[in-house]
Amino acid sequence: MGSLGLIRWVMFFIGAVLVLLGFGSLGLDERLFAAGFWLIVGGCTLMLVAVLERRRYRSEAAERSNDPIGPGGGEPEAVEPRFRPTDEVFVDPTTRRTMRVLMDPRTGERRYVAEA
């Protein structure tokens, strides 16, 4: 499990603890109702983010197959030939890698690859 996987688990665990604390405070005193409600909302949000968060610029297929993260957080290997390079390039603020946007002209689906 990489560091991103560990961070997801920690976020999910913290969210679950917040939800439990929220439900616990709801039962203690009616003056704690608002605090308990917001603990539950915050905890559920953290758990949802941990489950839905994607690893940077990866396709759904790469996420589902749990392929390793490619250079700059992009695709792990060469993309299919149906994807054509666009003029769109950007520098990833985290890795400082120049990323090229590729697009399937038929579907509009996008992929991101690190340039050498």
Side-chain angles (χ1 to χ4, degrees):
M1 175 186 321
S3 64
L4 286 175
L6 179 63
I7 290 171
R8 283 181 174 179
W9 280 108
V10 169
M11 283 178 57
F12 192 87
F13 177 75
I14 291 171
V17 169
L18 289 175
V19 168
L20 291 174
L21 287 172
F23 278 118
S25 67
L26 289 179
L28 291 177
D29 189 351
E30 63 187 39
R31 292 176 290 178
L32 295 176
F33 182 81
F37 172 78
W38 287 111
L39 282 171
I40 293 169
V41 168
C44 287
T45 302
L46 266 180
M47 292 189 320
L48 189 63
V49 167
V51 169
L52 298 180
E53 184 268 337
R54 290 181 46 172
R55 294 184 185 149
R56 311 195 52 80
Y57 313 109
R58 292 163 46 95
S59 63
E60 288 289 332
E63 279 294 308
R64 272 187 258 116
S65 66
N66 212 14
D67 287 339
I69 298 171
E75 294 298 314
E77 54 194 41
V79 294
E80 302 168 41
R82 65 186 171 107
F83 290 95
R84 305 275 186 246
T86 66
D87 292 334
E88 188 177 347
V89 260
F90 62 95
V91 176
D92 177 32
T94 305
T95 63
R96 307 273 191 258
R97 299 283 305 256
T98 301
M99 303 296 289
R100 167 75 59 184
V101 179
L102 307 173
M103 187 173 77
D104 179 352
R106 191 174 54 82
T107 65
E109 191 175 351
R110 298 162 63 97
R111 295 284 189 272
Y112 304 90
V113 293
E115 291 198 326

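Scope of the values below: all heavy atoms of this structure, side chains included, with no hydrogens, waters or symmetry mates.
Evaluation of the side-chain contact (heavy atoms from CB on, under 4.5 Å) rule for Ile14 yields Val10, Leu18, Leu46 as partners, not counting sequence neighbours. In this view, Arg31 and Asp29 satisfy the side chain to side chain donor-acceptor pair (under 3.5 Å) rule, not counting sequence neighbours. For Leu21, the side-chain contact (heavy atoms from CB on, under 4.5 Å) partners at least two apart in sequence or on another chain are Val17, Leu39. Listed by chain and number, the residues in a side-chain contact (heavy atoms from CB on, under 4.5 Å) with Val101 are Thr86, Glu88, Phe90, Arg110, Tyr112 (sequence neighbours excluded). Legend: residues meeting side-chain contact (heavy atoms from CB on, under 4.5 Å) with Phe83, ordered by chain and number and at least two apart, are Val79, Glu80, Leu102, Asp104, Glu109, Arg111.
Counting all heavy atoms, side chain and backbone alike, Pro85 lies closest to Arg100 at CB-CD, 4.3 Å. Minimum heavy-atom separation, Ala114 to Arg97: CB-NH2, 3.6 Å. Among all heavy-atom pairs drawn from Ser25 and Ala35, the shortest one is OG-C, 4.5 Å.
If you chain together hydrophobic residues whose side chains sit under 4.5 Å apart, Ile40 and Leu32 never meet in one group. Val41 and Phe23 are not part of a single hydrophobic cluster, where members link through side-chain heavy atoms under 4.5 Å apart.
If you take CE on Met99 and CD on Glu115, they are separated by 9.0 Å, rounding to the nearest 0.5 Å.
Sorted by first and then second residue, the side chain to side chain donor-acceptor pair (under 3.5 Å) pairs involving residues 35-50 (not counting sequence neighbours) form an empty list.
Note: Phe37 and Phe33 have parallel aromatic rings, judged against thresholds of 30 and 60 degrees for the angle between ring planes.
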